[in-house]
There are 2 protein chains.
Amino acid sequence: MSRRDEVLTAAIELLDEVGLDDLTTRRLAERLGIRAGALYRHFENKRALLDAMADRIAAEGGGHPQPEGDWADQVRVMAIGARSSMLAHRDGALLMATFYLPGAAAVAAWKGFIVVFREAGASARLAALSVDTIVCYVNGFTIEEQARKTTPPTAVSRRIRDRDFRAGLEVVIAGIDATLRRPELKAKRSARSRDKPYS
Amino acid sequence: MSRRDEVLTAAIELLDEVGLDDLTTRRLAERLGIRAGALYRHFENKRALLDAMADRIAAEGGGHPQPEGDWADQVRVMAIGARSSMLAHRDGALLMATFYLPGAAAVAAWKGFIVVFREAGASARLAALSVDTIVCYVNGFTIEEQARKTTPPTAVSRRIRDRDFRAGLEVVIAGIDATLRRPELKAKRSARSRDKPYS
DNA sequence: ACCTGAACACCGTTCAAGT
DNA sequence: ACCTGAACACCGTTCAAGT
């Protein structure tokens with residue numbers, strides 16, 4: 001394990017303890033028993049450190065689809081896993097949303113989704129559209145869920161949020177299913193105003 | 001126009017010029033010709049200022065549905081409007097996602113969506129599910145779109161992103177449509193493992 | 001290779017005091 | 001009501017110098 005990896009591990013531990021706002025180069029250095037300036041041996045700047053943290057959290061999610069079940073089941077497992085890996089760390093969703101360059105783990109998860117949709121019979125274009133829609137829903141849900149600090153997360157509210165997340169996920173899956181089965185609808189509705197004369 | 005509103009206007013202008021990272025109480029004060037400490041007469045702290053900024057941006061979007069078209073058309077207009085109002089300001093999506101208490105404008109937009117789905121025949125529960133799904137998709141898409149700073153946004157890439165956004169929006173709408181027309185499916189798939197014996 | 005020491009140019013926030 | 005002046009406890013980052 002390189003020194004860089006040790007710094008990264010300490011950074012994620014500190015994130016869980018104090019949150020993104022208080023994740024400071026000086027506090028991280030203190031936890032490592034060094035001075036803040038020494039961190040710049042391992043990361044070009046704080047932004048690069050945050051990018052690396054986001055990619056490690058994405059890797060913890062494990063983007064590999066399960067071999068059993070139909071495409072919808074596989075999407076469910078992967079979407080729930082993506083949300084879990086973000087919720088597993090304080091401010092995880094916000095961190096993932098604001099890191100700029102997608103790292104190796106994020107790319108692997110994206111490719112896993114693509115494979116599932118391709119095997120379900122989607123064109124390359126429809127597969128890309130489907131994964132984007134799923135990912136945007138998952139990220140949007142989890143960011144809002146985790147950013148909203150009105151009430152501390154209790155066990156009961158977590159259960160309700162899980163149920164709401166799954167219900168919305170079913171809506172998105174139903175939309176992908178409908179689009180998959182009726183590919184001729186892909187280009188519809190591109191010019192709404194032209195419908196008027198016929199209505 | 002109260003002094004508080006003038007401060008708010010200056011803050012949004014500064015946001016557009018320098019971005020969220022460089023939106024500083026000291027820079028905002030300089031733009032207003034005062035000292036940073038004086039800002040605390042008008043806002044309890046920086047977080048409260050950011051909340052007020054987010055709510056003003058939400059208000060610019062105008063959450064009122066158009067009277068013409070079916071529910072899907074109204075959802076399209078409102079979703080595209082919500083994205084536009086976030087894109088209209090630098091880091092607008094991130095700002096909206098990280099403000100804690102939803103303000104008056106955000107609540108009004110949410111109620112506008114609910115009305116549309118209720119008039120389309122949705123139960124209160126399904127209407128809430130539908131608006132959450134749409135909003136999560138819109139926010140997730142726009143946050144990623146705006147946060148990703150790999151390439152500066154050119155006119156051509158904006159057109160492509162508009163098309164991708166609308167395509168994913170159609171997928172979500174198709175999913176809501178399917179759920180609306182088959183309400184008996186709402187509780188399906190709640191226990192996947194129990195299906196096994198029958199397959 | 002990894003770190004220290006010290007500095008630079010900043011932050012958000014508070015508060016007595018002014019007008 | 002609104003603002004100043006001055007302070008407090010912090011930031012991210014750089015860089016010569018040490019080992």
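Here the structure is a predicted model, which means the values were calculated and not measured. The figures here come from the full heavy-atom set of this structure, side chains too, leaving out hydrogens, waters and symmetry mates. Residue numbers begin at 1 in each chain, while the letters A, B, ... track the order of the sequences.
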Original post:
Under a 4.0 Å N-O cut-off, is there an ion pair linking A/Arg27 with A/Glu30?
Top reply: no
Subject >> 5' priority, DNA chain D, between A/Arg41 and A/Lys46 [closest heavy atom] >> reply: A/Lys46
Original post:
Are any of the side-chain heavy atoms of B/Asp132 and B/Tyr137 separated by less than 4.5 Å?
Top reply: no
Original post:
Would a 4.5 Å heavy-atom cut-off, applied to side chains only, mark A/Leu14 and A/Thr24 as touching?
Top reply: no
Original post:
Where does the chain B footprint on DNA chain D start and end, counting 5' to 3' with a 4.0 Å heavy-atom cut-off?
Top reply: D/dC2 to D/dA7
Original post:
Roughly how far, to the nearest 0.5 Å, is CD1 of A/Ile173 from CZ of A/Arg76?
Top reply: 4.5 Å
Original post:
Hey, does A/Thr98 have a side-chain heavy atom less than 4.5 Å from the side chain of A/Leu50?
Top reply: no
**OP:** Kindly state which residues belonging to residues 25-35 of chain B come within less than 4.0 angstrom of DNA chain C, counting heavy atoms of the residue only, listed by number.
**Re:** B/Thr25, B/Arg26, B/Arg27
Original post:
Should B/His89 and B/Ile12 count as side-chain neighbours, where that means a heavy-atom distance under 4.5 Å?
Top reply: yes
Subject >> Separation of the C1' atoms in C/dC10 and D/dC8, to the nearest angstrom >> reply: 15 Å
**OP:** Dot-bracket notation for DNA chain C is requested: 5' to 3', Watson-Crick or G-U wobble pairs only, both distances under 3.5 Å, with ( ), [ ], | and . as defined.
**Re:** ||.|||||...|||||.||
Subject >> Heavy-atom check, side chain of B/Glu60 versus side chain of B/Arg56, under 4.5 Å >> reply: yes
**OP:** Side-chain contact test, heavy atoms from C-beta onward, threshold under 4.5 Å: evaluate it for A/Arg166 versus A/Ile80 and give yes or no.
**Re:** yes
Original post:
If you find the nucleotide of DNA chain D closest to B/Ser2 and the one closest to A/Leu23, which residue's nucleotide is nearer the 5' end?
Top reply: B/Ser2
**OP:** Answer yes when A/Arg31 and A/Glu13 have at least one side-chain N-carboxylate O distance shorter than 4.0 Å, and no when they do not.
**Re:** yes
Original post:
Looking at A/Phe165, is A/Arg83 sitting on its ring face, NZ or CZ under 6.0 Å from the six-membered ring centre and within 45 degrees of the normal?
Top reply: yes
